[in-house]
Undergrad: 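Handing you a structure now.
All values derive from a computational prediction rather than experimental measurement. Heavy-atom basis, side chains included; hydrogens, waters and symmetry copies ignored.
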Amino acid sequence: MAKWLQSGRRRDMCILLAAAEDGELSGQRLKTRLERRYDTRIEPKSFYGALDALESAGFVAHREDGIADKYSLTEAGERRLRDQFEWIREALDEDG
């Protein structure tokens, strides 16, 4: 499995992007939703570093929309996220 799955933050960012109403979120909205989930502040450098790593790996795409950057999952990102979901589901079914 790809190294990006070793990071819970990256997985959770992909989950939030997959759940986005329009299929994309601004960087700030994604960061805010992640901070709410974790109930803590995330340093911008750390957050955007994880987002850049996902983009470099081809799992997240971004586009400029005025002054905001919008992010969305690529097909590869969605496929990896679904693979991760299946792995978790199978593990829970086996142990449950």
Side-chain angles (χ1 to χ4, degrees):
M1 191 56 55
K3 186 174 181 175
W4 75 280
L5 292 175
Q6 294 175 11
S7 166
R9 179 175 292 169
R10 292 178 193 172
R11 280 191 305 267
D12 293 348
M13 291 166 82
C14 289
I15 290 167
L16 290 170
L17 288 172
E21 303 82 32
D22 298 331
E24 65 182 4
L25 291 170
S26 69
Q28 185 57 48
R29 182 160 284 177
L30 177 59
K31 183 176 180 291
T32 298
R33 289 184 183 184
L34 193 62
E35 289 173 333
R36 285 184 188 148
R37 175 70 183 150
Y38 293 165
D39 194 27
T40 190
R41 183 178 181 280
I42 300 169
E43 289 295 324
K45 184 176 180 179
S46 176
F47 171 79
Y48 285 102
L51 198 51
D52 288 345
L54 287 168
E55 186 178 0
S56 293
F59 300 124
V60 169
H62 93 272
R63 68 178 183 86
E64 292 182 14
D65 184 24
I67 61 169
D69 286 337
K70 299 278 183 115
Y71 295 88
S72 60
L73 280 182
T74 62
E75 284 185 33
E78 185 171 343
R79 191 169 44 252
R80 290 293 175 101
L81 187 60
R82 291 189 182 280
D83 288 346
Q84 181 76 6
F85 174 76
E86 281 301 313
W87 177 73
I88 291 169
R89 191 177 62 77
E90 288 171 6
L92 292 175
D93 285 347
E94 289 174 9
D95 292 340

Undergrad: Return the minimal non-hydrogen interatomic distance between S26 and A68, and the atom names on each side.
TA: CB-CB, 4.4 Å
Undergrad: Can you list every pair that meets ring-ring contact (aromatic ring centres under 6.0 Å, His included) and has a residue in residues 69-88, with sequence neighbours left out?
TA: H62-Y71
Undergrad: Taking only residues two or more places apart in sequence or in another chain, which ones pass salt bridge (Lys or Arg N to Asp or Glu O under 4.0 Å) with E86?
TA: R89
Undergrad: Return the minimal non-hydrogen interatomic distance between S72 and E24, and the atom names on each side.
TA: CB-CB, 3.9 Å
Undergrad: Are the side chain of T74 and the backbone N or O of A61 linked by a donor-acceptor pair below 3.5 Å?
TA: no
Undergrad: Who are the side-chain hydrogen bond (donor to acceptor under 3.5 Å, both in side chains) partners of S46, not counting sequence neighbours?
TA: R9
Undergrad: List in chain and number order the residues that pass ring-ring contact (aromatic ring centres under 6.0 Å, His included) with F47, two or more places apart in sequence or in another chain; answer none if no residue qualifies.
TA: none
Undergrad: Just jot down the side-chain hydrogen bond (donor to acceptor under 3.5 Å, both in side chains) partners of T32, sequence neighbours excluded, or say none.
TA: Q28
Undergrad: Step by step, would you call E21 with R33 a salt bridge (Lys or Arg N to Asp or Glu O under 4.0 Å)?
TA: CA-CA 13 Å; E21 303 82 32; R33 289 184 183 184; 3.5 Å; yes
Undergrad: Check side chain to side chain contact (heavy atoms under 4.5 Å, CB included) between A20 and all other residues, then give those that pass, not counting sequence neighbours.
TA: L25
Undergrad: Where do M13 and A50 come nearest, in terms of heavy atoms and distance?
TA: SD-CB, 3.9 Å
Undergrad: Sequence neighbours excluded, which residues qualify as side-chain hydrogen bond (donor to acceptor under 3.5 Å, both in side chains) partners of Y48?
TA: none
Undergrad: Could you name each residue pair satisfying salt bridge (Lys or Arg N to Asp or Glu O under 4.0 Å) that touches residues 43-57, not counting sequence neighbours?
TA: R41-E43
Undergrad: Heavy-atom distance under 4.5 Å between the side chains of L73 and C14, does that happen here?
TA: yes
Undergrad: Please report the interatomic distance CG(L16) to CG(L34), rounded to the nearest 0.5 Å.
TA: 6.0 Å
Undergrad: Any heavy-atom pair between the side chains of L30 and L51 that's under 4.5 Å?
TA: yes
Undergrad: Could you tell me which residues satisfy side-chain hydrogen bond (donor to acceptor under 3.5 Å, both in side chains) with R82, sequence neighbours excluded, listed by chain and number?
TA: E78
Undergrad: Once side chain to side chain contact (heavy atoms under 4.5 Å, CB included) is applied, do any residues pair with D65, and if so which ones, sequence neighbours excluded?
TA: R63, K70
